[in-house]
Asker: 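I'd like to ask some things about the structure below.
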Amino acid sequence: MKKTLLPIFLSFILIFSLSSVVSAASGNLTAAGTLSKDGTSFTVDLSINNNPGFIAVTASVSYDDTVLKLTAADNGEIFESIFMPSEYLTVNPYKIIWMNATASKDIKTNGVLAKYTFEVLDSAALGETEIKFNIDEVVNYEKTDTTSFKGCTFKVNVDSTAEGNNTGAENTVSTDTENISDNSSESASANNAATNSNTLVVKKPKPSDS
């Protein structure tokens, strides 16, 4: 009898696991950067797209802290309730936890999850650097652990010759680091915001007077 039931039991497990994989839902992140007036700092809006739904989420951002300094991390528009950032901005990777403990269903809003402000160090090496954004943990209302998000990488090029006239210039990259901005080529040329379609150019500041 046991020999008869075992194959049936194993088949049931296989079917269940396959159905779980098929039903798994995933979203993705995009990051849009805007330069400051002098071009030595910038703000990155981290957005959620194709949101499958959740009630709590943890996001992390990692970067080269010999080139960039995180100066602010602010809440976006998706969560209005609990917002718990890392205690110190110097923590790298820097993490933020959001939670809606009273939610009666999944939050499926798309939009800006968080806003991060960075400045270029005066000791930074010239050239390209990357900021990596990821969703580390997701909890949905059903607590099925089937929700996930694909992270994204935002590229920055530190250039000592860049002029500080790119105020408000915006560059957007998706999860595959391709530019998804709707800006026309004329607009992009006018802004002079990037050396290519997916890299934001920032100006290296002059060393502070001793």
Asker: Give the intermediate values and the outcome of side chain to side chain contact (heavy atoms under 4.5 Å, CB included) for residues Lys115 and Val44.
Answerer: CA-CA 6 Å; Lys115 296 174 177 286; Val44 179; over 6 Å; no
Asker: Measure the spacing between CD1 of Ile97 and OG1 of Thr58 and express it to the nearest 0.5 Å.
Answerer: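 So the gap between those two atoms works out to 4.5 Å.
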Asker: Given side chains that start at C-beta, do those of Leu29 and Ile135 come closer than 4.5 Å, heavy atoms only?
Answerer: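 Result yes, sub-4.5 Å side-chain heavy-atom pair found.
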Asker: Do any side-chain atoms of residues 82-91 form donor-acceptor pairs under 3.5 angstrom with protein atoms, and if so which ones, sequence neighbours left out?
Answerer:
{"unit_1": "Ser86", "atom_1": "OG", "unit_2": "Lys95", "atom_2": "N", "d": "3.1"}
{"unit_1": "Ser86", "atom_1": "OG", "unit_2": "Lys95", "atom_2": "O", "d": "2.9"}

Asker: Could you tell me if the side chain of Phe154 sits less than 4.5 Å from the side chain of Thr30, heavy atoms only?
Answerer: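 Counting from C-beta outward, Thr30 and Phe154 never come under 4.5 Å.
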Asker: Counting only heavy atoms from other residues, nucleotides and ligands, does the tally under 6.0 Å from CD of Glu142 exceed 12?
Answerer: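 Yes, CD of Glu142 has more than 12 neighbouring heavy atoms, counting only those of other groups under 6.0 Å.
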Asker: Under 4.5 Å between any side-chain heavy atoms of Thr153 and Phe133, yes or no?
Answerer: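 Side chain of Thr153 against side chain of Phe133, heavy atoms only: no contact under 4.5 Å found.
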Asker: Would a 4.5 Å heavy-atom cut-off, applied to side chains only, mark Leu68 and Glu119 as touching?
Answerer: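 They are not in contact (no side-chain heavy atoms under 4.5 Å apart), so the answer is no.
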Asker: Decide yes or no for Val158 and Val67: does some side-chain heavy atom of the first lie under 4.5 Å from some side-chain heavy atom of the second?
Answerer: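 Yes, their side chains come closer than 4.5 Å.
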Asker: Check whether any side-chain heavy atom of Asp159 lies under 4.5 Å from a side-chain heavy atom of Leu126, and answer yes or no.
Answerer: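 No, their side chains stay 4.5 Å or more apart.
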Asker: If we only count heavy atoms from C-beta on, is the Asn100 to Ile107 side-chain gap below 4.5 Å?
Answerer: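 Answer yes - side chains close enough.
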Asker: For Lys132, give me all partners under side chain to side chain donor-acceptor pair (under 3.5 Å), at least two apart in sequence or on another chain.
Answerer: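 With neighbours one apart ignored, the set is Glu130.
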Asker: Quick one: do Leu200 and Phe42 satisfy side chain to side chain contact (heavy atoms under 4.5 Å, CB included)? Show the steps, please.
Answerer: CA-CA 9 Å; Leu200 187 71; Phe42 57 96; 4.0 Å; yes
Asker: Does any pair with a residue in residues 101-112 pass salt bridge (charged side-chain N to carboxylate O under 4.0 Å, His left out), and if so which ones, sequence neighbours excluded?
Answerer: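 Salt bridge (charged side-chain N to carboxylate O under 4.0 Å, His left out) check on residues 101-112 returns no pairs.
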Asker: For Ala125, what residues pass the side-chain contact (heavy atoms from CB on, under 4.5 Å) criterion, not counting sequence neighbours?
Answerer: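 Counting only residues at least two positions away or on another chain, Ala125 forms no side-chain contact (heavy atoms from CB on, under 4.5 Å).
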Asker: Is it true that the side chains of Ser60 and Asp136 contain a donor and an acceptor less than 3.5 Å apart?
Answerer: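 Side-chain D/A pair, Ser60 to Asp136: present.
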Asker: Considering residues at least two apart in sequence or located in another chain, which fulfil the ring pair (Phe, Tyr, Trp, His ring centres under 6.0 Å) criterion with Tyr63?
Answerer: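 Only Phe118 meet the ring pair (Phe, Tyr, Trp, His ring centres under 6.0 Å) criterion with Tyr63.
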Asker: Partners of Thr40 by side-chain contact (heavy atoms from CB on, under 4.5 Å), sequence neighbours excluded?
Answerer: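 If we apply the side-chain contact (heavy atoms from CB on, under 4.5 Å) test to Thr40, skipping adjacent residues, the hits are Asp38, Lys203, Pro205.
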Asker: Donor-acceptor pair, distance only, cut-off 3.5 Å: does the side chain of Asn92 make one with the backbone of Tyr94?
Answerer: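 Absent.
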Asker: Test of understanding: with side-chain contact (heavy atoms from CB on, under 4.5 Å), list the residues that count as partners of Glu77, not counting sequence neighbours.
Answerer: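 Glu77 satisfies side-chain contact (heavy atoms from CB on, under 4.5 Å) with Val112 only.
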Asker: Quick one: CD1 on Ile48 to CG on Leu46, what's the gap to the nearest 0.5 Å?
Answerer: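 Rounded to the nearest 0.5 Å, the CD1-CG separation comes out at 7.0 Å.
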Asker: Nearest 0.5 angstrom please: Lys69 NZ to Asp122 CG, how far?
Answerer: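 CG of Asp122 is found 10.0 Å from NZ of Lys69.
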Asker: Suppose we screen for ring pair (Phe, Tyr, Trp, His ring centres under 6.0 Å). Which residues come up paired with Phe149, at least two apart in sequence or across chains?
Answerer: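 By the ring pair (Phe, Tyr, Trp, His ring centres under 6.0 Å) rule, Phe149 matches Phe54.
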Asker: Under 3.5 Å, is there a donor-acceptor pair between the Thr129 and Asp64 side chains?
Answerer: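 Judged by distance alone, the side chains do not pair up.
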Asker: Verify whether one side chain among Thr117 and Thr43 offers a donor that lies under 3.5 Å from an acceptor in the other.
Answerer: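 There is such a pair between these side chains.
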Asker: Report yes or no: do Asn49 and Asn110 form a side-chain donor-acceptor pair below 3.5 Å?
Answerer: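 Side-chain D/A pair, Asn49 to Asn110: absent.
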Asker: Side chain to side chain donor-acceptor pair (under 3.5 Å) with Asp74: which residues, sequence neighbours excluded?
Answerer: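 Asp74: no side chain to side chain donor-acceptor pair (under 3.5 Å) contacts found.
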Asker: Going by the rule side-chain contact (heavy atoms from CB on, under 4.5 Å), which residues pair with Ala114 if we only count those two or more places apart in sequence or in a different chain?
Answerer: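 side-chain contact (heavy atoms from CB on, under 4.5 Å) check on Ala114 returns Ile96, Trp98, Tyr116.
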Asker: Mind listing the closest non-hydrogen atom pair of Pro52 and Thr147 along with its distance?
Answerer: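 Residues Pro52 and Thr147, closest heavy atoms: CG-CG2, 3.4 Å.
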Asker: To the closest 0.5 Å, what do you measure between OG (Ser62) and CG (Leu70)?
Answerer: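 So the OG of Ser62 and the CG of Leu70 are separated by 11.5 Å.
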Asker: Transitive ILVMFWY cluster of Tyr141 at side-chain heavy atoms under 4.5 Å: who else is in it?
Answerer: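 The other cluster members (ILVMFWY side chains, heavy atoms under 4.5 Å, direct or chained) are Ile55, Val139.
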Asker: Which residues satisfy the side chain to side chain donor-acceptor pair (under 3.5 Å) test with Ser41, sequence neighbours excluded?
Answerer: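 Side chain to side chain donor-acceptor pair (under 3.5 Å) list for Ser41, sorted by chain: Ser36.
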Asker: Specify the closest pair of heavy atoms between Leu121 and Asp65, including all atoms of both residues, with the distance to one decimal.
Answerer: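 For Leu121 versus Asp65, the nearest heavy atoms are CD1-O, 3.5 Å.
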